[in-house]
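Structure first, then comments.
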Amino acid sequence: MKKELKTSFEAGSFENFLYKFWLDERYFTPEINSKKKSFSIVIPPPNVTGKLHMGHALVNTLQDIIIRYKRMKGFNVLWLPGTDHAGIATQMVVERELKKEGKTKYDLGRENFLKIMGDWKEKYKDNIKNQLQMLGCSCDWTRERFTLDEGLSYAVRYAFVKLYKENLIYQDFYIVNWCPRCRTALSDLEVVHKEVKGKLYHILYPFKEREGGLVVATTRPETMLGDSAVAVNPKDERYKNFIGEKVILPLLKKEIPIIADENVDLEFGTGALKVTPAHDPVDFIIGKKHNLPYYLIFDEKGVINKEGGPYEGFDRFEGRRKVLEDLKKEGLLIKIEDHLHKVGHCQRCETMIEPYFSKQWFLKMEDMAKEAIKVVKSGEIKLIPSFWEKTYLEWLENIHDWCISRQLWWGHRIPAFYCTCGNIIVEMEDPKICPKCGSENLKQDEDVLDTWFSSALWPFSTMGWPEETEDLKVFFPTSLLITGFDILFFWVARMVMMSLKFTGKVPFYEVYLNGLVRDAEGEKMSKTRGNVIEPEEVCKLYGPDAVRFTLSALTSYGRDIPLSHERMEGYRNFMNKLWNASRFVLSNIEEPLPLQVDKEIPHQYILSKLQKTIKNVEDGFSLYRFDILTNEIYHFVWNEFCDWYIEISKYYLKKEKTESVKSILFFILKNILKLLHPIIPFITEEIWQKMEISKSITIEDYPEFDENLLNEGAEKVFEKFKVLISKIRAYRKSLNLGKNVRLNLFIKGERVEELKNLIEFMENVEVEVTEKEKIIEGIKDKYEDWEWLLKVQKDFLSENFLNTIKKEIEKLLCEKERIEKRLKDENFIKKAKNEVISIQKERLKEVEEKIAFFNENLKVYGE
RNA sequence: GGGAGGUUAGCUCAGAGGAAGAGCACUUGCCUUACAAGCAAGGGGUCACAGGUUCAAGUCCUGUACCUCCCACCA
C-alpha cells in the first residue's frame, strides 16, 4: 500500500497527534438529537490534589474500554469528565506547601487562602486532564465539570435548602469525630481504625462518704478532667450498693455521682466506667440519658482548656503524662496493663481522632437509606461483582446520620445565615435582611460542606440539575458507574440516596467495582515501600496502549491487580507483534479489498476462529470480564493469526491467484484492529489509517458475530494439521534433523489430501497420502483419525529418542488402565451420561492405538 | 465481635462436575525475507488440609488452618 509502517513499533510517536485528531473531529461529543440509544458514564472525579496514580489509570482505562466499545456498538455515548475539589485532601496539600514557607492558612485569612487554592486547582485540573488524554480516555471535554463550578454549586445549594426545609438537615450538639490537626469534624467514614498498643490504667476514685473507692479502668486518663460520673452495670453485684452515692474525682476534687447504666460491660476492666460525656461516644449517650453535665476540656487543637484547671495549656498527650504523674503521687494509680485496642485516626492526615462534643450540621439518613436499599434489592441497580451487594445493604441498614459540616475553608460554604435575633435563614438567595426582625446584621455559617455532599449529586448535577436540561433527558440515569470499592459507602451509596431523593430515579443501572492496583507481589503501592508505579512513567516506557492492555488483561472480577514491569513489557511486545503483523499484511496488499471467501481449510479455519473470538469477546464484555475479553483477542492475534495463518499465507501468496488470501489477511487484520480498539486505541487507529478504509476506526462498527463464517469442520481438520506439524518439528529436534533434510511422510486421514502441498511447504517433507500400511523404517504416530509414518533411517535414532518413546508408552499405559477401570465400573456405565461414556471409549481406542504404534516404533528401531 | 474475599506451575492469576490452563520466569535449538520486543520444541502441579455428596470433585456441601480486606461505641 502507499503508506508504509515503520519497520519497528515505537510507542510515543503518534499518540498526541491522534488524540488531537479525535478531538478535532469531535468524536467524543455525542449528538443531543441522536436517534441512537444513549450510553453514559460519569467519571469518578479525581481529586484536584495532584497527579493521577495507577488506580486512576485503571478505573479510567476500564471506563474508556467500555465507552469506546459502546460507541462502536452504535450507541450515542457520553463520558462526562470532571474533577472534585476534595475538601480536606486538597486543603491539606496546600497547607503543607504553605508550611514550607513557614506560613499557616490563618496567617493568610480565608479570602487569600481561597485565592491560593483557586490557583492551585487551575494548575492541577489541567494536569489531570492531560494525563487522562495521555491514556487515551475518550471523555467529552466540552462537558467537563468541577465540583465548585457555578452550576454545581447551585445544585449543592438547591439540595441543601430543600433538605433543610424538609427538616432532613438539622443542626445539633453531638459528639463527633474531631481531627485536632485539620481542626474539623469528620464523618464516621473518614475515620480509619488502627490497632494500637495502648495501656489500660486503673484509677481509684475515692468514695465521698465511705472508706475506699471505686477503681475505674481507662485508656485515656487525661479525659478524667471532663468526667461527670462513674457508671456501673445495674446487674453488677459488686457495685449495687454504691449506686446513687458519690465519689471524689481525683486531681480536680469534684464530687461526681455513681450511676447505673446497662451500657457498662461487666467483664471489661473493673466493671466501673468513668463517664466523660464530651469526649467519648458511649459516655455521650450515657450522659444524655442521665442528664449529666458536659465538660469540654479540649480546644479545637486538642489542647486542654480552662476546664482542665491546673492542666490548662497542655496538649492532650502531655496532659496524659502529667495526669498520670500526679495520680501516681497521690497513690491513686492502682495498676497499668498492656492493652491492644483500635483507635480512630484521620483518614487524611493520620492524626489520632478526638471524640469531641460540638455543634454540627447533620443529614438524616434513615428514610433515604430505605429507598437506596430497595433499588438494589429489586435489582434496578446491579452491583458487580454481586458480593458487594451484601456489604452495601448492611451498611445502609445500620446507617447513622451524616455529619456534613466541616470546619474548613475549601468547599461549598453552608448557606445558613444567622441573625442576631436568633433566626436562621436558609434560602436559595443570600438574605439581605432578617425576615423576622428586619436586622441587616446577618452572618453566614463559617463551615463548609463535606466534599462527599457535592459528590453525591455528581451524576445529575454535572448534567445541569436542578434545571431540566436536554442532557438530563438524554443521558440520565447514566448506564454504568465504574469505581473502586473503597468508595462504595462514601460515594456510591450516597449518590443512590441523593439521586432517588432529588430525581426520583436511580443514578445508574450498573456499578462495576474494580480492585486495587498492587505491585507484582500483591503489596500495596506506597512511597515508603518504594514500589509505586506511576502512569506517566510507564506510558513513556511502554506506551499508553501497553499500559492499558496490561491493566485490562489483569482485571478479573473483584480481584486486586498485581501490576509489574514484566507484565507491561510482555504486553508491549504484543503491541510490537500486532504492529509487525500489520506490516506484513499491508506490505502484501496494494489496496483495500472486499472479502473473498475461499473454501480451502486454512482460510475457513481462520475465518471461523475469528467468529469464535468475536463471540467470546462479546461474552466477556457482557460480563465485564476484562481479562477474558483481552486474553481472547491476544490469543487469537498471536497464537492463531500470527503463528499459523500468516505463516500459511506465505504459501498461498507464492501461488498465482492470491486475491482471496490477500482479502482474507486484510479482513482478519481489519477485524482484529476493531476488536482491539477499545483496549488499545492509539496503535489501532494508527494502523487503521494506513489501511485507507475510512478516516477513523473510532467510529467504525464493532465486529459482529457472523454464523455464516463458522466452520467447525475446517477447524477440526486444521487442529490435526497443527498437531502433525508440531510433531514433525519435535521429531526433527530430538533426532537432530535440520530442516534442510527432506523427509518422507506417509499419511492417511480425513481431508489430509487437501493439505498435502501445504504440509510439504511448511516442513520440507515429501508427502504421500496412502491408505495402505507400509512397513518401513519410520516413526509411526497418530492424532485422532490422522495416522502417519515419518521415514527416518535407523542411524538417526538415538537412545534419547527411544527413551522418550518408552516414557510416552508408560504414560499411555497408565491412562489406559485408568480408563479401563472406569469402563468396567458398573455404576459408571449405569449412571454416567452416554456422551461421557463414548468419549471414554474413544479415548481408550486412541490410547491403545498409540501404544501399538509406539511399540512398533520400538520394534523397528529396537536394538 | 460481625461480614466479605482468597489459598491451583518458581511468580501473578484464569478455570467451578467428566483427560490440569495462561502470561512471565526456566531448559534446549534457531538471526527461517512481519516481528530476536522474535521463531520452534520442551520441563514444571496430591489444585491449603480433613471429612462428606456423586459412577465421577480444583470444581458441590461441612468443618479446620492460614492470608487480605471491610464494618462495629468496647472504656
Side-chain angles (χ1 to χ4, degrees), chain A residues 5 7-9 175 188-189 193 200 216-220 223 231 263-265 267-270 272-276 280-286 339 341-342 344 355 385 387-388 390-391 394-395 398 485-486 488-489 515-516 518-522 524 542 546 550 553-554 556-564 566-567 569-588 625 627-628 631 634-635 639 642-643 646-647 650 725-727 729-734 736 738-739 815 818-819 822 825-833 835-837 839-840 843 847:
Chain A
L5 295 174
T7 46
S8 71
F9 166 63
I175 190 137
D188 296 340
L189 286 177
H193 293 273
L200 191 61
V216 300
T218 179
T219 53
R220 305 187 53 211
T223 61
N263 278 308
V264 181
D265 181 354
E267 309 290 320
F268 190 91
T270 59
L273 168 72
K274 58 185 266 323
V275 182
T276 322
D280 184 279
V282 179
D283 297 8
F284 173 78
I285 294 164
I286 296 173
H339 183 61
H341 61 147
K342 296 241 176 129
F387 58 72
W388 287 112
K390 191 170 180 185
T391 312
E394 262 167 30
W395 185 73
N398 299 302
F485 62 79
D486 49 326
L488 179 61
F489 307 141
L516 248 53
R518 293 170 176 278
D519 75 4
E521 277 76 46
K524 224 172 181 169
Y542 310 108
T550 309
L554 294 176
S556 74
Y557 265 163
R559 279 258 197 177
D560 288 344
I561 288 97
L563 191 67
S564 66
E566 288 75 20
R567 275 279 179 170
E569 225 173 277
Y571 290 123
R572 187 268 323 265
N573 295 351
F574 176 72
M575 301 305 132
N576 190 51
K577 191 78 182 170
L578 175 67
W579 185 265
N580 280 295
S582 307
R583 227 157 54 81
F584 174 81
V585 173
L586 293 185
S587 68
N588 280 293
R625 280 296 300 265
D627 58 335
I628 289 179
N631 287 314
Y634 178 96
H635 180 258
N639 304 118
C642 293
D643 287 353
I646 285 189
E647 291 310 316
K650 289 174 186 170
I725 298 291
S726 297
K727 287 277 180 183
R729 288 170 182 168
Y731 303 143
R732 276 193 193 277
K733 177 160 173 147
S734 56
N736 225 346
K739 210 173 164 192
E815 199 183 343
R818 228 174 34 231
I819 300 172
R822 197 174 299 169
D825 187 337
E826 273 176 47
N827 281 322
F828 175 73
I829 299 296
K830 236 190 291 177
K831 292 183 181 171
K833 278 180 265 172
E835 195 192 317
V836 175
I837 297 172
I839 289 173
Q840 293 294 323
R843 180 65 195 155
V847 168

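Proteins get letters first, then strands, A, B, ... in listed order; numbering begins at 1 in each.
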Phosphate-side-chain proximity, [X] and [N], N/O vs OP1/OP2 below 4.0 Å:
| X | N | answer |
| --- | --- | --- |
| A/Ser726 | B/A40 | no |
| A/Lys733 | B/C30 | no |
| A/His635 | B/G23 | no |
| A/Asn573 | B/G38 | yes |
| A/His341 | B/A75 | yes |
| A/Ser556 | B/A14 | yes |

Give one of base, sugar-phosphate or nothing for [X], where a contact means two heavy atoms less than 4.0 Å apart.
| X | answer |
| --- | --- |
| A/Glu647 | base |
| A/Lys833 | base |
| A/Val264 | base |
| A/Asp825 | sugar-phosphate |
| A/Ile646 | base |
| A/Glu569 | nothing |
| A/Phe387 | sugar-phosphate |
| A/Lys739 | nothing |
| A/Ala730 | sugar-phosphate |
| A/Phe489 | sugar-phosphate |
| A/Thr276 | nothing |
| A/Lys577 | base |
| A/Lys342 | base |
| A/Asp560 | nothing |

Working note: A/Lys274 + A/Thr223, criterion side chain to side chain contact (heavy atoms under 4.5 Å, CB included); need CA distance, chi angles, decisive distance, verdict. CA-CA 9 Å; A/Lys274 58 185 266 323; A/Thr223 61; 2.6 Å; yes
Go through [options] for me and flag the one nearest to the [X] side chain.
| X | options | answer |
| --- | --- | --- |
| A/Lys650 | B/A75, B/A34, B/C55 | B/A34 |
| A/Phe268 | B/A37, B/C73, B/A75 | B/A75 |
| A/Thr218 | B/A75, B/C69, B/A22 | B/A75 |

Roughly, in whole Å, what's the span from [atom1] in [X] to [atom2] in [N]?
| X | N | atom1 | atom2 | value |
| --- | --- | --- | --- | --- |
| A/Asn398 | B/G1 | CG | C1' | 14 Å |
| A/Arg732 | B/C30 | CZ | P | 15 Å |
| A/Tyr557 | B/G15 | OH | P | 10 Å |

With distance as the sole test, does A/Asn580 use its side chain to make a donor-acceptor pair with the main-chain N or O of A/Arg583 at under 3.5 Å?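 Such a contact is absent between A/Asn580 side chain and A/Arg583 backbone.
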Same-atom distance ([atom1]) from [N] to [M], integer angstrom:
| N | M | atom1 | result |
| --- | --- | --- | --- |
| B/A41 | B/U32 | C1' | 15 Å |
| B/U62 | B/C69 | C1' | 25 Å |
| B/C55 | B/A14 | P | 32 Å |
| B/G18 | B/C74 | P | 46 Å |

Side-chain donor/acceptor contact of A/Arg572 with base of B/A37 under 3.5 Å: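 Yes, a donor-acceptor pair under 3.5 Å.
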Indicate syn or anti for B/G23, taking the glycosidic torsion and treating anything within 90° of 0 as syn.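 The base of B/G23 is oriented anti (glycosidic angle more than 90° from 0).
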Can B/U46 be described as syn, meaning its chi torsion is within 90° of 0, or is it anti?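 Syn, angle within 90° of zero.
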Quick one: what's the B/S/- string for nucleotides 6-11 of chain B, heavy-atom cutoff under 4.0 Å, read 5' to 3'? SS----
Are side-chain N/O atoms of A/Asp627 and A/Asn631 paired as donor and acceptor at under 3.5 Å?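 Per modelled atom types, A/Asp627 and A/Asn631 side chains form no pair under 3.5 Å.
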First locate atom CG of A/Leu516, then atom CG of A/Asp560, and finally report the distance between them rounded to the nearest 0.5 Å.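 Those atoms lie 5.0 Å apart.
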For a stem of at least 3 consecutive Watson-Crick or G-U pairs with distances under 3.5 Å, i pairing with j, i+1 with j-1 and so on, which stems involve RNA chain B?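 Stem segments, range with range: B:1-7 with B:65-71, B:10-13 with B:21-24, B:26-30 with B:38-42, B:48-52 with B:60-64.
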Are A/Tyr571 and A/Tyr634 close enough that their ring centres sit under 6.0 Å apart?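 Yes: the rings meet the under 6.0 Å criterion.
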For the pair A/Trp579 and A/Phe9, name the ring-plane relationship: parallel under 30°, tilted 30 to 60°, perpendicular over 60°.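 Answer is tilted, since the angle falls between 30° and 60°.
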